[in-house]
A.B. asks: 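Just dropping this structure here.
None of these values were measured; they are calculated from a predicted model.
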Amino acid sequence: MGLGVNRRGLLAAGPLLMLGGAGPATAADLPGETIALWPGAAPGGEAVKAAERRVPYNWPDGRVDYSIVGVTRPTLTIYRPVGVLPPKFAVLVLPGGGFNKVVIDKEGHDVARWLAGQGIAAGVLLYRLPTDRWSAGVDAPLQDAQRALRLLKAKVGASRTGALGFSAGATLAAALASRGAAPLYPPVDALDGRPVLPDFIGLGYVWLTTPKPRGPEWTPFHGFTVPTQAFIFHAADDPKVPIANAREGAAAIRAAGGQAEVHEYPTGGHGFALRSPPDAPEAAWAGQFLAWLDRLGG
């Protein structure tokens with residue numbers, strides 16, 4: 001496999017390996033293709049009254065990020081690397097937001113553009129939220145993740161397709177790895193007959209079992225029950241999600257016959273994604289993730 005260094009990716013996330021061949025465009029140059037997830041209305045929305053809104057977050061340096069609430073028309077936005085056909089890897093990017101919102105820029109489009117700049121196809125999932133009274137409850141976003149992974153596999157045709165999630169999005173990635181094969185919605189077309197388990201998962205500052213959920217109706221993750229390949233990263237000073245989730249999750253993956261690589265950092269807090277200074281310890285996760293994928297691909 002040809003390896004190289006993308007200068008913009010290097011500035012954003014430290015020394016990065018570029019997978020899939022030479023010649024991808026810089027991340028900011030790559031347009032995305034947005035696809036409706038469902039051919040009609042999303043399943044189980046009879047009681048939903050939500051209205052989709054973009055909610056801005058203003059950073060002290062003048063940047064503005066957006067989160068989405070009230071999602072009723074979930075979408076998949078695909079970023080394809082230039083000159084890599086087909087790519088070796090495709091990644092379903094699952095933003096966080098505590099299942100109350102979707103942090104679509106910082107943990108979604110920014111990450112997908114960066115991955116595409118490294119020669120990896122990426123799809124950002126804008127998923128439904130359990131608080132909007134979908135009949136499937138906490139499984140509504142998991143239904144979307146199942147459908148999105150099938151779409152990404154069909155559209156991109158990569159050798160391996162996995163998921164990379166952040167915070168609640170990482171909870172969703174873990175659920176997809178363990179419950180993704182379950183028939184959680186009635187098939188809407190031939191696509192829904194295709195296999196849906198991810199080939200690998202990345203879990204960033206993930207919430208799994210600590211603090212313990214009140215019951216299965218509070219989380220789509222019900223434990224690791226099938227072998228999976230996982231890359232896990234977490235900051236020790238995370239004020240929202242204890243690092244015990246990373247450690248316990250890795251142990252559970254190994255107990256289920258899978259493999260887990262865990263990276264712990266002294267700093268980073270919660271929600272750092274690709275926004276940490278290049279010399280911050282937690283900024284190393286991006287290069288480490290690409291190196292892990294490189295080893296995974298052989």
A.B. asks: Taking all heavy atoms of T209 and all of N245, pick out the closest pair and write down the distance.
C.D. replies: N-OD1, 3.0 Å
A.B. asks: Which other residues belong to the hydrophobic cluster containing Y57, where Ile, Leu, Val, Met, Phe, Trp and Tyr are joined when side-chain heavy atoms lie under 4.5 Å apart, directly or via other members?
C.D. replies: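 In the cluster with Y57 are W59.
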A.B. asks: With the 4.5 Å side-chain cut-off for hydrophobic clustering, are L149 and L197 part of the same group?
C.D. replies: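 No.
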A.B. asks: Restricting to pairs with a member in residues 254-263, which pass salt bridge (Lys or Arg N to Asp or Glu O under 4.0 Å), not counting sequence neighbours?
C.D. replies: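 Qualifying pairs, neighbours excluded: E261-R295.
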A.B. asks: Could you pull out every donor-acceptor pair under 3.5 Å between side chains of residues 97-104 and any protein atom, sequence neighbours left out?
C.D. replies:
unit_1 : atom_1 : unit_2 : atom_2 : d
N100   : ND2    : G98    : O      : 3.3

A.B. asks: Tell me, please, which residues at least two apart from S67 pass side-chain hydrogen bond (donor to acceptor under 3.5 Å, both in side chains).
C.D. replies: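 Testing S67 for side-chain hydrogen bond (donor to acceptor under 3.5 Å, both in side chains), a comparison that skips the adjacent residues, returns none.
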A.B. asks: Got a sec, which pairs hit salt bridge (Lys or Arg N to Asp or Glu O under 4.0 Å) with one end in residues 64-73, sequence neighbours left out?
C.D. replies: D65-R275
A.B. asks: Do L85 and V82 sit in one hydrophobic cluster, given that two such residues count as connected whenever their side-chain heavy atoms are within less than 4.5 Å of each other, even indirectly?
C.D. replies: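 No.
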A.B. asks: As a quick check of understanding, evaluate side-chain contact (heavy atoms from CB on, under 4.5 Å) for T77 and T34, giving each step before the final call.
C.D. replies: CA-CA 4 Å; T77 300; T34 299; 2.9 Å; yes
A.B. asks: Kindly check if the number of other-residue, nucleotide or ligand heavy atoms within 6.0 Å of CD (E33) is above 12?
C.D. replies: yes
A.B. asks: List the atom pairs, with distances to 0.1 Å, where a side-chain N or O of residues 168-191 and a protein N or O form a donor-acceptor pair under 3.5 Å, not counting sequence neighbours.
C.D. replies:
unit_1 : atom_1 : unit_2 : atom_2 : d
T171   : OG1    : S167   : O      : 3.4
T171   : OG1    : W207   : O      : 2.7
S178   : OG     : A174   : O      : 3.1
S178   : OG     : A175   : O      : 3.3
S178   : OG     : G223   : O      : 3.3
R179   : NH1    : D139   : OD1    : 2.8
R179   : NH1    : P220   : O      : 2.8
R179   : NH2    : D139   : OD2    : 3.0
Y185   : OH     : R150   : NH1    : 2.9
Y185   : OH     : D192   : OD1    : 2.5
D189   : OD1    : R147   : NH1    : 2.9
D189   : OD1    : L191   : N      : 3.1
D189   : OD2    : R147   : NH1    : 3.4
D189   : OD2    : R147   : NH2    : 2.8

A.B. asks: Would you say V69 ends up clustered with Y66 if hydrophobic residues are merged whenever their side chains have heavy atoms under 4.5 Å apart, either directly or through other cluster members?
C.D. replies: no
A.B. asks: Determine the sole option in T75, L126, V55 for which the side chain to side chain contact (heavy atoms under 4.5 Å, CB included) test with I68 is passed.
C.D. replies: L126
A.B. asks: Please examine the side chains of L125 and L37, heavy atoms only from C-beta on, and report whether any two atoms are closer than 4.5 Å.
C.D. replies: yes
A.B. asks: Compare every heavy atom of A121 with every heavy atom of V156, then report the nearest pair and how far apart it is.
C.D. replies: CG1-CB, 3.6 Å
A.B. asks: Given side-chain contact (heavy atoms from CB on, under 4.5 Å), test D105 with V64 step by step and report yes or no.
C.D. replies: CA-CA 9 Å; D105 285 342; V64 180; over 6 Å; no
A.B. asks: Should L142 and V48 be counted in the same cluster of Ile, Leu, Val, Met, Phe, Trp and Tyr side chains packed under 4.5 Å apart?
C.D. replies: no
A.B. asks: For the pair H109 and Y79, name the ring-plane relationship: parallel under 30°, tilted 30 to 60°, perpendicular over 60°.
C.D. replies: perpendicular
A.B. asks: Give me each pair satisfying ring-ring contact (aromatic ring centres under 6.0 Å, His included) with a member in residues 120-151, each pair once, sequence neighbours excluded.
C.D. replies: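 Non-adjacent pairs meeting ring-ring contact (aromatic ring centres under 6.0 Å, His included): zero.
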A.B. asks: Is F224 isolated, or which residues cluster with it under the ILVMFWY side-chain rule of less than 4.5 Å, directly or via members?
C.D. replies: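 Direct or chained contacts put F224 with I201, L203, V206, L208, F221, I232, I253, V262.
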A.B. asks: For residues T225 and A256, report the shortest heavy-atom separation together with the two atoms involved.
C.D. replies: C-CB, 4.4 Å
A.B. asks: May I ask you to test the V138-P130 pair for a side-chain heavy-atom distance under 4.5 Å?
C.D. replies: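 Yes. Closest side-chain heavy atoms under 4.5 Å.
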A.B. asks: Specify the closest pair of heavy atoms between G108 and P95, including all atoms of both residues, with the distance to one decimal.
C.D. replies: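 That closest heavy-atom pairing would be CA-CG, 3.8 Å.
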A.B. asks: Would you mind reporting whether I78 and L152 have side-chain heavy atoms less than 4.5 Å apart?
C.D. replies: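 Yes, side chains in contact.
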A.B. asks: Can you list every salt bridge (Lys or Arg N to Asp or Glu O under 4.0 Å) pair that touches residues 228-250, not counting sequence neighbours?
C.D. replies: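 Every pair satisfying salt bridge (Lys or Arg N to Asp or Glu O under 4.0 Å) with a residue in residues 228-250: R247-E264.
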A.B. asks: Given a cutoff of under 4.5 Å between side-chain heavy atoms of I, L, V, M, F, W and Y, with clusters grown through shared members, what are the other residues clustered with I243?
C.D. replies: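 None, because no other hydrophobic side chain comes under 4.5 Å of this residue.
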A.B. asks: Any salt bridge (Lys or Arg N to Asp or Glu O under 4.0 Å) pairs touching residues 44-54, not counting sequence neighbours?
C.D. replies: none
A.B. asks: Can you list every pair that meets ring-ring contact (aromatic ring centres under 6.0 Å, His included) and has a residue in residues 235-266, with sequence neighbours left out?
C.D. replies: F231-H263
A.B. asks: Which heavy-atom pair separates P43 from Q143 by the least distance, and what is that distance?
C.D. replies: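 Here P43 and Q143 meet closest at CG-OE1, 3.7 Å.
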A.B. asks: What are the two closest heavy atoms between A273 and F166, and how far apart are they?
C.D. replies: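 Between these two residues, the closest heavy atoms are CA-CE2, 4.3 Å.
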A.B. asks: Is there a path from F289 to F272 through hydrophobic residues (I, L, V, M, F, W, Y) whose side chains come within less than 4.5 Å of each other?
C.D. replies: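 The answer is yes; both residues are in one hydrophobic cluster.
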A.B. asks: I want to check something: taking the side chain as every heavy atom from C-beta on, are L293 and K88 in contact at a cut-off of under 4.5 Å?
C.D. replies: no
